[in-house]
Protein chains: 2
Amino acid sequence: MLKITRKVEYALIALRHMQNKDSQAITSTKEIAVMYDIPLELLAKTLQLMARGGIVDAVHGPNGGYKIKVNLENINMIEFFEKIEGPLGLMDCYFDSDCTLISACNIRSPIQKINDNMRNMFENMSVGEITQ
Amino acid sequence: MLKITRKVEYALIALRHMQNKDSQAITSTKEIAVMYDIPLELLAKTLQLMARGGIVDAVHGPNGGYKIKVNLENINMIEFFEKIEGPLGLMDCYFDSDCTLISACNIRSPIQKINDNMRNMFENMSVGEITQ
DNA sequence: AATATATCAGACTATATTGGTCGGATATTA
DNA sequence: TAATATCCGACCAATATAGTCTGATATATT
């Protein structure tokens, strides 16, 4: 429980690796997969997700690869998780709006409070902080 | 990802239910299972885990059940999770102690930073806060 | 004592999620 | 045209979680 997925882990490793190079340098999937001993295909998929999500730019063809596109300080961990894994279960909860799930929320689920805390924490944590 | 298990959820629901009754009142598994529509056997197991963990007291026999044993403000969420699910992956990380996993930690895993933050958050959150 | 009811305990199955693989398409450089 | 890299979805394998079943033990009531 409370686990971070491999895809997210691989994505962060890849970003940190690229961050330590010249900002215009191109890094291939293979380079990262070999260096950190990560399954190539799976890493490839996560890099594709980051490209789709606008976090990195892709360069096709021989000597192709990826480079970081945005300032990692400007993207929070919730956005990041959702770009890679899709919508999280950690729904936003607006106490002052009307909520059709009040009974499910209050009667059934103290979990909501935990999720609110987690979401809040990750919204205030940038990818840059994590990759250093 | 980042999900809380059903057992934890059921445990919190049970505690909140008991908290709203007289502190000496006995609550059976059945009472809770019926009221919140939770699978009886699974709820039974989580209550047993809480009894083993010293959070509740069990009363055997007819009209038996459970009652809260400790002050829920004095137990943090990490302790609670571990009583119910066993050791979490969110290891403690002591930066000033020597660590045989430094390379794995620094080179491979930004995850460590995320886990440290989560652990810190849950250590400073009491079960009482969540069950109200 | 016998019976009914509740917790206790572990093995077992079903389901869902995640991790990883494969095949083939598209883009680009040489 | 050949080689290399990203792209994309379908697929299978491994793991984790959810839930079920069987039987034991403790105790209150009759």
Side-chain angles (χ1 to χ4, degrees), chain A residues 1-14 18 25-34 36-69 81 83-90 108 111, chain B residues 1-14 18 25-34 36-69 81 83-90 108 111:
Chain A
M1 75 179 276
L2 291 177
K3 277 207 297 269
I4 301 291
T5 64
R6 293 282 182 197
K7 273 193 298 189
V8 167
E9 180 171 15
Y10 297 159
L12 288 168
I13 289 170
M18 288 189 267
I26 304 286
T27 306
S28 73
T29 305
K30 197 174 183 179
E31 173 182 333
I32 297 169
V34 167
Y36 301 98
D37 193 27
I38 295 172
L40 181 81
E41 302 289 345
L42 189 51
L43 177 62
K45 275 213 288 204
T46 81
L47 283 163
Q48 284 161 33
L49 288 167
M50 287 201 285
R52 246 186 268 176
I55 300 171
V56 297
D57 265 328
V59 178
H60 283 226
N63 305 316
Y66 302 89
K67 63 184 176 188
I68 294 173
K69 186 178 182 182
F81 290 155
K83 280 176 195 294
I84 290 175
E85 296 292 341
L88 298 183
L90 315 174
R108 282 219 48 167
I111 293 297
Chain B
M1 77 178 279
L2 292 176
K3 277 208 295 267
I4 302 291
T5 64
R6 293 282 182 197
K7 274 193 297 189
V8 168
E9 180 171 15
Y10 297 159
L12 290 169
I13 290 170
M18 289 189 266
I26 304 288
T27 307
S28 73
T29 305
K30 198 174 182 179
E31 173 181 334
I32 297 169
V34 167
Y36 302 98
D37 193 28
I38 295 172
L40 181 82
E41 303 289 345
L42 190 51
L43 176 62
K45 276 214 287 205
T46 81
L47 283 163
Q48 285 162 31
L49 287 167
M50 287 201 284
R52 245 187 267 175
I55 300 171
V56 298
D57 265 329
V59 178
H60 283 226
N63 306 315
Y66 301 90
K67 62 184 176 190
I68 294 173
K69 185 179 183 181
F81 289 154
K83 279 176 195 294
I84 290 175
E85 294 293 341
L88 298 183
L90 316 173
R108 280 218 49 165
I111 292 296

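Below, chains carry the letters A, B, ... as their sequence lines are ordered, and counting in each starts from 1.
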So, taking the atom named [atom1] in [X] and the one named [atom2] in [Y], what distance separates them when rounded to the nearest 0.5 Å?
| X | Y | atom1 | atom2 | answer |
| --- | --- | --- | --- | --- |
| A/Lys3 | B/Leu88 | NZ | CG | 10.0 Å |
| A/Ile4 | A/Leu12 | CD1 | CG | 8.5 Å |
| B/Leu43 | B/Lys30 | CG | NZ | 13.0 Å |

Rounded to whole angstrom units, what separation is found between the [atom1] atom of [X] and the [atom2] atom of [N]?
| X | N | atom1 | atom2 | value |
| --- | --- | --- | --- | --- |
| B/Ile13 | D/dA18 | CD1 | C1' | 14 Å |
| A/Leu40 | D/dA5 | CG | P | 10 Å |
| A/Lys69 | D/dT6 | NZ | P | 17 Å |
| B/Ile26 | D/dA26 | CD1 | P | 18 Å |
| A/Leu43 | C/dT21 | CG | C1' | 14 Å |
| B/Leu42 | C/dA16 | CG | P | 15 Å |
| B/Leu49 | D/dA18 | CG | P | 13 Å |

Checklist entry - Is the shortest side-chain N/O distance from B/Tyr10 to OP1 or OP2 of D/dG19 below 4.0 Å? => result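 Yes, B/Tyr10 has a side-chain N/O under 4.0 Å of OP1/OP2 on D/dG19.
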So, do [X] and [Y] sit near enough that their side-chain heavy atoms are less than 4.5 Å apart?
| X | Y | result |
| --- | --- | --- |
| A/Lys7 | A/Glu85 | yes |
| B/Leu2 | A/Phe81 | yes |
| B/Thr5 | B/Glu9 | no |

Determine all donor-acceptor pairs shorter than 3.5 Å in which one atom belongs to a side chain in residues 51-63 of chain A; sequence neighbours excluded.
none

Restricting to nitrogen or oxygen on both sides, can you table the protein-nucleotides 12-17 of chain D pairs closer than 3.5 Å?
from, atom 1, to, atom 2, distance (Å)
D/dT17, OP1, A/Met1, N, 2.6

Item to check | Base versus backbone protein contacts along nucleotides 2-12 of chain C [heavy-atom cut-off under 4.0 Å; B, S, -] | outcome: --BBSSBB-B-
Item to check | Trace of the side-chain contact (heavy atoms from CB on, under 4.5 Å) decision for A/Met1 with B/Ile84 | outcome: CA-CA 11 Å; A/Met1 75 179 276; B/Ile84 290 175; over 6 Å; no
Checklist entry - Any idea which heavy atoms bring B/Met50 and B/Ala11 closest together, and the distance? => result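 Closest pair (atom of B/Met50, atom of B/Ala11, distance): CE-O, 3.7 Å.
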